Amino acid sequence: MKQVIGIILIVGAVILGYLGITNLQKSSKSVEILGVEITAQDNKGKEIAYIEIGAAVLSLIGGIYLLGQKKK
């Protein structure tokens, strides 16, 4: 049972990591007009992306821990 939960956590970590990285990339846009670069950032979007990436790291660590345990 622990192995199944570990695999689910690792798959969830990959999905959360992907979503976090794509949201982080989408949170800022820049445009160059007449040699001047204008940048707009979505701070709330960045905050959510960092939370998703953090949750992915924690899920990955938990999944690896559960898969690494020996059966008793």
Side-chain angles (χ1 to χ4, degrees):
M1 185 67 177
K2 288 182 182 180
Q3 288 182 340
V4 173
I5 294 172
I7 292 171
I8 291 171
L9 283 174
I10 291 173
V11 170
V14 170
I15 292 169
L16 279 173
Y18 174 76
L19 290 174
I21 290 171
T22 55
N23 285 340
L24 188 61
Q25 291 174 348
K26 290 179 184 178
S27 66
S28 65
K29 300 284 182 183
S30 62
V31 176
E32 187 172 332
I33 300 175
L34 301 172
V36 177
E37 186 173 345
I38 300 172
T39 304
Q41 294 182 353
D42 180 15
N43 290 333
K44 186 72 170 175
K46 275 190 174 183
E47 183 178 317
I48 292 171
Y50 286 132
I51 291 171
E52 288 175 341
I53 292 171
V57 169
L58 291 175
S59 296
L60 182 64
I61 291 170
I64 291 172
Y65 175 75
L66 287 177
L67 287 178
Q69 286 185 339
K70 294 182 180 180
K71 291 184 180 179
K72 292 183 179 180

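On a predicted model such as this, the values are computed, not experimentally measured, just so you know.
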In short, Leu24 meets Lys46 closest at the heavy-atom pair CD1-CG, 3.9 Å

Smallest heavy-atom separation, Gly45 atom then Ser27 atom, equals C-CB, 4.3 Å

Nearest heavy-atom contact between Ala56 and Gly17 is CB-N, 3.5 Å

Hey, does Glu37 have a side-chain heavy atom less than 4.5 Å from the side chain of Val31? no

Output for pair (Lys2 NZ, Leu67 CG), nearest 0.5 Å, gives 11.5 Å

The reported gap from CG in Leu66 to CD1 in Ile7 (rounded to nearest 0.5 angstrom) is 10.5 Å

Separation between OH (Tyr18) and CD1 (Ile53), nearest 0.5 Å, reads 13.0 Å

Original post:
With a 4.5 Å heavy-atom cut-off, do Ile10 and Leu60 have their side chains touching?
Top reply: yes

Membership question, hydrophobic clusters at under 4.5 Å side-chain separation (ILVMFWY): are Ile8 and Val11 in the same one? no

Tightest non-hydrogen contact, residues Ala49 and Gly20, listed as CB-O, 3.4 Å

### Task
Flag yes if Leu9 and Val57 sit in one hydrophobic cluster, no otherwise; membership is Ile, Leu, Val, Met, Phe, Trp, Tyr, and two members link when side-chain heavy atoms are under 4.5 Å apart.
no

